[in-house]
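What follows is a short report on a single structure.
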Amino acid sequence: MSDPFKSLVSTLESRFSGISAKSLSGIPSELGLITSNGLKLDSFKHEIPDFLVAEWMAELELPAFSLVGTMIAPVDETGNPTGGGAPSQRTRFDFDETKIGEVRLNWSAGIKPGDRVLAVPVNGGKDAVIVCKVVSSGG
């Protein structure tokens, strides 16, 4: 290939690469790693110290269920026994089906350095929103 032709091919490749990157910007999600200083996206060499976290609200539906345990009474507001209460005999507690509206899923409080997360770049790549923690299906 002649040098001018190589230059033309190289220019076209870089232009097509830029066009396709621009057409997809903001759409793809990226895997990242929570570090002690912020978020490190797999495709970006710098850590992002100030990232955003999606907040999830849900309605919790609990089926009817039973638990077996003991009771101690009286207790203080933190559940610690007061007045020398002794545990009861083992007792079954039955709960009816119930719905609890507007439960905030605060999983963001549980993310810690070393966790893998799924993030969406926003604001032209200036910010990233973590949408969930990513775990292995193998355990």
Side-chain angles (χ1 to χ4, degrees):
M1 247 191 266
S2 68
D3 285 341
F5 188 67
K6 285 183 182 178
S7 177
L8 176 61
V9 169
S10 176
T11 301
L12 288 172
E13 284 178 342
S14 69
R15 292 268 171 100
F16 287 141
S17 175
I19 290 169
S20 58
K22 283 181 184 176
S23 69
L24 294 176
S25 79
I27 295 173
S29 300
E30 295 191 37
L31 287 174
L33 179 72
I34 298 296
T35 67
S36 58
N37 297 320
L39 169 65
K40 169 70 178 78
L41 295 176
D42 290 358
S43 68
F44 189 60
K45 67 180 181 177
H46 301 289
E47 284 183 276
I48 301 169
D50 298 317
F51 55 86
L52 305 165
V53 179
E55 180 176 280
W56 299 90
M57 296 294 288
E59 180 179 272
L60 180 62
E61 294 183 20
L62 298 172
F65 66 100
S66 298
L67 295 173
V68 175
T70 60
M71 296 186 300
I72 299 177
V75 295
D76 63 18
E77 48 286 330
T78 61
N80 293 316
T82 61
S88 69
Q89 293 181 349
R90 290 182 57 78
T91 304
R92 188 174 97 180
F93 300 91
D94 295 323
F95 297 89
D96 295 331
E97 180 178 322
T98 189
K99 289 183 183 182
I100 303 169
E102 293 198 28
V103 175
R104 182 173 177 261
L105 304 178
N106 190 15
W107 64 267
S108 64
I111 58 175
K112 60 190 178 308
D115 286 345
R116 297 285 285 161
V117 294
L118 184 65
V120 177
V122 294
N123 297 329
K126 294 179 186 174
D127 296 309
V129 178
I130 296 175
V131 294
C132 65
K133 183 176 170 178
V134 178
V135 296
S136 168
S137 63

- Between atom NZ of K133 and atom CG of D115, what is the distance when rounded to the nearest 0.5 Å? 4.0 Å
- Query: Would a hydrophobic clustering, with Ile, Leu, Val, Met, Phe, Trp and Tyr connected at side-chain separations under 4.5 Å, put L33 with V135?
  - Reply: no
- Any idea which heavy atoms bring I48 and A128 closest together, and the distance? CD1-CB, 4.1 Å
- Rounded to the nearest 0.5 Å, the CG atom of N106 sits from the CH2 atom of W56 at a distance of 14.0 Å
- V120 versus S29, closest heavy-atom pair with distance: CG2-OG, 3.6 Å
- Message: Looking at T91 and Q89, would you say the former's side chain and the latter's main chain have a donor-acceptor pair under 3.5 Å?
- Response: yes
- Message: Is there a continuous path of hydrophobic side-chain contacts, each under 4.5 Å between heavy atoms, that joins V131 to M57?
- Response: no
- Message: Just checking E59: does its CD atom have more than 12 heavy atoms from other residues, nucleotides or ligands closer to it than 6.0 angstrom?
- Response: yes
- Message: Is the shortest side-chain heavy-atom distance between L39 and E30 below 4.5 Å?
- Response: no
- Note on the structure: Looking only at heavy atoms, the pair that brings E47 and G38 closest together is OE2-N, 4.0 Å
- Where is the tightest heavy-atom contact between S66 and D94, given as atom of each residue plus distance? OG-OD1, 2.6 Å
- Message: Looking only at side-chain N and O atoms, does T35 offer a donor or acceptor that is under 3.5 Å from a partner on N37?
- Response: no
- About how many Å separate CG of L105 and CD of E55, when rounded to the nearest 0.5 Å? 9.0 Å
- Message: Quick check on D50: does its CG atom have over 12 non-hydrogen neighbours (other residues, nucleotides or ligands) under 6.0 Å away?
- Response: no
- The side chain to side chain contact (heavy atoms under 4.5 Å, CB included) partner of I130 among L118, L52, I34 is I34
- Which heavy atom in A119 sits nearest to a heavy atom in L41, and how many Å separate them? CB-CD2, 3.8 Å
- Query: Hey, quick one: are V75 and F93 part of the same hydrophobic cluster, counting side-chain heavy atoms closer than 4.5 Å, chains of contacts allowed?
  - Reply: no
- Straight-line distance of T98 OG1 to I100 CD1, nearest 0.5 Å: 5.5 Å
